[in-house]
Amino acid sequence: MQSIPLRIIDDEFYLLGEVDLYSSIQIGILWSGIEELKLQINHYLQLAGKLLKGTIILP
């Protein structure tokens, strides 16, 4: 099964990069929004350092 590419955007809506090499993604959803996001990715990947709290991830 092929992974859906995830776009990483900062708080000013600049595209930081795109990640498509991840092991799994789990999204916990509440009525008021997203509760948590678990993304398993190799920390040696070039864009792994861009996945910080406050960045926006879009499919």
Side-chain angles (χ1 to χ4, degrees):
M1 186 169 164
Q2 188 176 10
S3 299
I4 297 172
L6 301 174
R7 290 168 191 87
I8 306 168
I9 300 173
D10 66 4
D11 58 349
E12 295 180 6
F13 292 99
Y14 290 111
L15 180 65
L16 301 176
E18 201 170 275
V19 175
D20 59 354
L21 295 173
Y22 53 90
S23 301
S24 70
I25 185 168
Q26 297 176 353
I27 303 171
I29 300 175
L30 294 175
W31 289 104
S32 60
I34 294 177
E35 176 185 0
E36 66 180 352
L37 172 73
K38 291 183 182 180
L39 178 65
Q40 289 186 352
I41 188 170
N42 185 340
H43 68 278
Y44 293 114
L45 208 63
Q46 183 178 10
L47 293 173
K50 302 287 185 185
L51 294 167
L52 302 172
K53 187 175 182 176
T55 56
I56 301 166
I57 301 174
L58 298 172

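Across L15 and R7, no two heavy atoms sit closer than the pair CD1-CB, 3.9 Å.
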Sequence neighbours left out, cut at 3.5 Å: what donor-acceptor pairs do the side chains of residues 49-59 make with other protein atoms?
| unit_1 | atom_1 | unit_2 | atom_2 | d |
| --- | --- | --- | --- | --- |
| T55 | OG1 | L52 | O | 2.7 |

Could you list the donor-acceptor pairs under 3.5 angstrom formed between side-chain atoms of residues 21-31 and any protein atom two or more places apart in sequence or on another chain?
| unit_1 | atom_1 | unit_2 | atom_2 | d |
| --- | --- | --- | --- | --- |
| Y22 | OH | I4 | N | 3.2 |
| Y22 | OH | I4 | O | 2.6 |
| S24 | OG | Q40 | OE1 | 3.4 |

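Criterion: ILVMFWY side-chain heavy atoms under 4.5 Å apart, direct or through other members. Under it, L39 and I8 are part of a common hydrophobic cluster.
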